[in-house]
Amino acid sequence: MLKDKSAVITGSTSGIGLAYAHALADVGVNIMINGFGDADAIEAERQKLEAKGVKAVYSAADMTKPDEIAGMIADAQSKLGGCDILINNAGIQFVSPVEDFPDAKWDAIIAINLSSAFHTIKHAVPLMRKAGWGRIINTASAHALVASPDKVAYVAAKHGIAGITKVVALEVAQDNITVNAICPGYVLTPLVEKQIPDTAKARGITEEQVKHDVLLAAQPTKQFVTVEQVAALAVFLCQDAAASITGAILPIDGGWTAE
Ligand code: NAD
C-alpha cells in the first residue's frame, strides 16, 4: 500500500533520518532526503536509495529558515507529486548547565528541533488533505517525556514536539491523516557521539564513563536502540494497520521512561 507514495524526511543525511529513508525506500516509497554534509556523500546516499527502484531527490533546505522549508515542501510536490509522508527528524544537541547555556544555541535548537516541524506541517497538511491520506511522524525523544540535566533547550524542544503532535493529530483526525511522535532512547548516531566529550567535560568524567555510566545508565536494557528499530516503527506507523494510532507519543527506549 505504500508503493509510489512520497516521503519528505528532514535531517536524513545521517543517523536515524537516513535509516527512515532506506526503510521507506525498501517498501517502494519515493524519498526526499534533506540535511547537511559532504555533497559527494549525500549524492552517494541518494543513488543508493534510487538503486532500490524508487525516486530519490535531495533538498538542501535549512531547517532554521521558514522560507526554505516552504520551498522544500513545494519541491516535494513538483518533483515527487506530493508529500504523503512527512517525517520531522532534523535535530541538534548542545549540553551545558542552564546558567552557561549560550543564547545562540538555545535559538538554534528551538528552530531546528521544534519550529521546523511547525513549518513543514503547515505546508504539508494541505497536500495531504488534497491527497486524502497522510502520515506525519515526528522524531521526538525520551526527552519528550523525561528530563536530563544540562539539556534545557533540547528537552524543551522535544516536549514541544509532543505538544505539536497532539494538537495536529486532533486537527486532522477526520482527514485520514495520522500524527505521531517516536521517542527513541539513546541511539549511537553522530548526534550522540558528538555530545559525549561535552558531557564528559560538564560532569568531570571520562568519555567511556559517559557512554556506560550516563547514557546507558538510563536504559534498563543496557543496549543502545538501533536506527533500524526506529525506522521499522516509522514504517509500521505508515501502514493501514496503524490508522487508529494518532496523537501518540511512542517510546522506543529500552525501558528508560518506564522507570
Ligand atoms: P544526526 O546528527 O545523525 O542527524 C541529524 C540530521 O539533522 C543530519 O542529517 C543533519 O544534517 C540534519 N540537520 C542538522 N541541522 C539541520 C538544519 N539546520 N537543516 C536541515 N537539516 C539539519 O542525529 P540523529 O541522532 O540521527 O538525530 C535525528 C533525530 O533523532 C533528532 O531529532 C534527534 O533529536 C532525535 N533523537 C536522537 C536520539 C539519539 O540517541 N541519537 C535519541 C532520541 C531522539
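When reading the values below, keep in mind they use all heavy atoms of this one structure, side chains included, and skip hydrogens, waters and symmetry mates. Counting convention: from 1, in listed order, for ligands and their atoms alike.
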Can you pull out the closest protein heavy atom to [atom]? Residue, atom name and distance to 0.1 Å, please.
| atom | result |
| --- | --- |
| atom 14 (C) of ligand 1 | Ile92 CG2, 3.9 Å |
| atom 1 (P) of ligand 1 | Ser14 OG, 3.4 Å |
| atom 18 (N) of ligand 1 | Asp62 OD1, 3.0 Å |
| atom 31 (C) of ligand 1 | Asn89 O, 3.1 Å |
| atom 12 (C) of ligand 1 | Gly11 CA, 3.6 Å |
| atom 11 (O) of ligand 1 | Phe36 N, 2.8 Å |
| atom 8 (C) of ligand 1 | Thr13 OG1, 3.7 Å |

- Message: Is it the case that the side chain of Thr178 and the backbone of Ala243 share a donor-acceptor pair, with hydrogens and angles ignored and the cut-off at 3.5 Å?
- Response: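 It does not hold such a pair.
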- Message: I'd like to check whether Gly17 has a polar contact with ligand 1, where a contact means an N/O of the residue lying under 3.5 Å from an N/O of the ligand.
- Response: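 Among all N and O atoms of Gly17, none is under 3.5 Å from an N or O of ligand 1.
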- Message: With respect to Tyr154, determine whether any N or O atom, backbone or side chain, lies less than 3.5 Å from an N or O atom of ligand 1.
- Response: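 Yes; the residue has a nitrogen or oxygen that sits under 3.5 Å from a nitrogen or oxygen of the ligand.
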Less than 4.0 Å is my threshold; does some heavy atom of [X] fall inside it relative to ligand 1?
| X | answer |
| --- | --- |
| Asn34 | yes |
| Cys183 | no |
| Ala19 | no |
| Lys158 | yes |

If you compare all heavy atoms of [X] against all heavy atoms of [Y], which two are closest, and at what distance to 0.1 Å?
| X | Y | answer |
| --- | --- | --- |
| Lys55 | Lys79 | NZ-O, 3.6 Å |
| Leu145 | Ile249 | CD2-CG2, 3.9 Å |
| Asn34 | Gly11 | OD1-N, 2.9 Å |

- Task: Indicate, as side chain, backbone, both or neither, the part of Val192 found under 4.0 angstrom from ligand 1 when only non-hydrogen atoms are considered.
- Result: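 Within the 4.0 Å criterion, Val192 contacts ligand 1 through side-chain atoms alone.
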Identify whether the distance between the nearest side-chain nitrogen and carboxylate oxygen of [X] and [Y] falls below 4.0 Å.
| X | Y | answer |
| --- | --- | --- |
| Asp84 | Arg135 | no |
| Lys65 | Asp62 | yes |
| Lys211 | Glu207 | no |

- Of all the atoms in ligand 1, which lie at a distance below 4.0 Å from a heavy atom belonging to Gly15?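 Per the distance check, 3 (O), 26 (O).
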- Task: Can you spot which of His119, Met72, Glu68 makes a side chain to side chain contact (heavy atoms under 4.5 Å, CB included) with Met63?
- Result: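 The residue from His119, Met72, Glu68 that satisfies side chain to side chain contact (heavy atoms under 4.5 Å, CB included) with Met63 turns out to be Met72.
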Would you mind finding which of [options] brings a heavy atom closest to [atom]?
| atom | options | answer |
| --- | --- | --- |
| atom 38 (C) of ligand 1 | Gly185, Pro190, Ser141 | Gly185 |
| atom 37 (C) of ligand 1 | Ile16, Val187, Asn113 | Ile16 |
| atom 35 (C) of ligand 1 | Ile33, Thr139, Ile9 | Thr139 |
| atom 13 (N) of ligand 1 | Ser116, Ala90, Ala142, Ala111 | Ala90 |

- Criterion side-chain hydrogen bond (donor to acceptor under 3.5 Å, both in side chains) on Thr120 and Asn88, from CA distance to verdict: CA-CA 8 Å; Thr120 56; Asn88 289 303; 2.5 Å; yes
- Message: Thr257 vs Asp253, test: side-chain hydrogen bond (donor to acceptor under 3.5 Å, both in side chains). Steps then yes/no.
- Response: CA-CA 7 Å; Thr257 54; Asp253 63 6; 2.6 Å; yes
- Message: If you apply the rule side chain to side chain contact (heavy atoms under 4.5 Å, CB included), what do you find for Ile110 with Ser115, and how did you get there?
- Response: CA-CA 6 Å; Ile110 296 301; Ser115 300; 4.1 Å; yes
